[in-house]
Amino acid sequence: WTSSPAGYTSNQQNPGNVSPTVTTTYTVTTTATGTGCALSSNVTVNVLPTPTITLGTFPTICGGVTSASLPYAATSGNPDQYSITWSGAPGFSNVTNASLPGSPINITIPGGAGPGTYNGTLTVRNSAGGCNSAGVPFSVTIAVSPTVNPGGGLIACQSGSPSAVTLTGASVGGSAT
């Protein structure tokens, strides 16, 4: 056995495992005893780059919203699938080898998810070679939704000079405008 690029040789009929770091062609040559006739054949091991993804800003959404957008800025290694594993995020569903869309990745938020920060790990995969990225941590923050109470109904009488009506309201967990 020999290799191209050079660096591997073996006289063993079945030399065992090899671990190339670049695409490598291995050639085996056998010679018939008595006749001296030789025959060679080869096999190429294609080494694919590990896929990567660079995430953008982690999303913050209001309570009651059922989806969030996780933007990403770049990929390498030709990933075409993604997976998400949630940690300590009750009700959130893991995703396994879904088709990787163009940025952003849409994340489903369970209807009953309360305010807080929910942590997940994203991996991307090149399905042609089965190569997976390292896990990339991210979070989704669900903000407290503001509440408003405009008070009860008001009555005003039409007249030549309008009477003043006072509007009042209260906001909790946000700012009033």
- prompt: Of Leu100, Leu122, Val124, which is the lone residue that meets side-chain contact (heavy atoms from CB on, under 4.5 Å) with Tyr72?
  reply: Leu100

task: Let me know which of Thr57, Val140, Leu55 forms a side-chain contact (heavy atoms from CB on, under 4.5 Å) with Leu70.
output: Leu55

- request: Find the distance between CZ (Phe58) and OG (Ser69) and round it off to the nearest 0.5 Å.
  value: 14.5 Å

query: How long is the gap from CD1 on Ile142 to OG1 on Thr117, to the nearest 0.5 Å?
result: 9.0 Å

message: Would a single hydrophobic cluster contain both Val144 and Ile61, if residues Ile, Leu, Val, Met, Phe, Trp and Tyr are joined by side-chain heavy-atom contacts under 4.5 Å?
response: no

message: Could you tell me if the side chain of Pro79 sits less than 4.5 Å from the side chain of Asn126, heavy atoms only?
response: no

query: What is the ring orientation for Phe138 with Trp86, classed by angle as parallel under 30°, tilted 30 to 60°, or perpendicular over 60°?
result: perpendicular

message: Can you give me the closest heavy-atom contact between Pro51 and Cys131, atom names plus distance?
response: CG-O, 3.4 Å

field: Side-chain heavy-atom pair Pro15, Tyr8 within 4.5 angstrom cut-off
entry: yes

query: Between Ser127 and Asp80, is a side-chain hydrogen bond (donor to acceptor under 3.5 Å, both in side chains) present by the stated rule, with each step listed?
result: CA-CA 7 Å; Ser127 64; Asp80 58 353; 2.7 Å; yes

message: Quick one: does any side-chain atom of Thr35 pair with a main-chain N or O of Cys37 as donor and acceptor, under 3.5 Å?
response: yes

query: Does the side chain of Thr24 reach to within under 4.5 Å of the side chain of Pro5, using non-hydrogen atoms?
result: yes

query: Can Ser67 and Thr108 be said to form a side-chain hydrogen bond (donor to acceptor under 3.5 Å, both in side chains), step by step?
result: CA-CA 5 Å; Ser67 68; Thr108 301; over 6 Å; no

- line: When every non-hydrogen atom of Ala38 is compared with those of Thr31, the smallest separation belongs to CB-OG1, 3.9 Å

Interatomic spacing from CG in Asn42 to OG in Ser3 - rounded to 0.5 Å: 11.5 Å

field: Chi angles and distances behind the side chain to side chain contact (heavy atoms under 4.5 Å, CB included) call for Thr2, Tyr26
entry: CA-CA 6 Å; Thr2 58; Tyr26 295 92; over 6 Å; no

task: Establish whether Val43 and Val18 are linked, either directly or via other cluster members, by ILVMFWY side-chain heavy-atom contacts under 4.5 Å.
output: yes

field: Exercise: identify the closest heavy-atom pair between Thr29 and Ser40
entry: OG1-OG, 2.7 Å

- prompt: Side chains of Thr44 and Thr25: do they bring a donor and an acceptor to under 3.5 Å?
  reply: yes

- request: To the nearest 0.5 angstrom, please state how far the CZ atom of Arg125 sits from the OG1 atom of Thr96.
  value: 10.5 Å

Test applied, side-chain contact (heavy atoms from CB on, under 4.5 Å); reference residue, Ile84; option that passes from Thr121, Ile107, Thr123: Ile107

- prompt: Do Val95 and Tyr82 have side-chain heavy atoms sitting under 4.5 Å apart?
  reply: yes

Rounded distance (nearest 0.5 Å) linking atom OH of Tyr118 with atom OG1 of Thr141: 10.0 Å

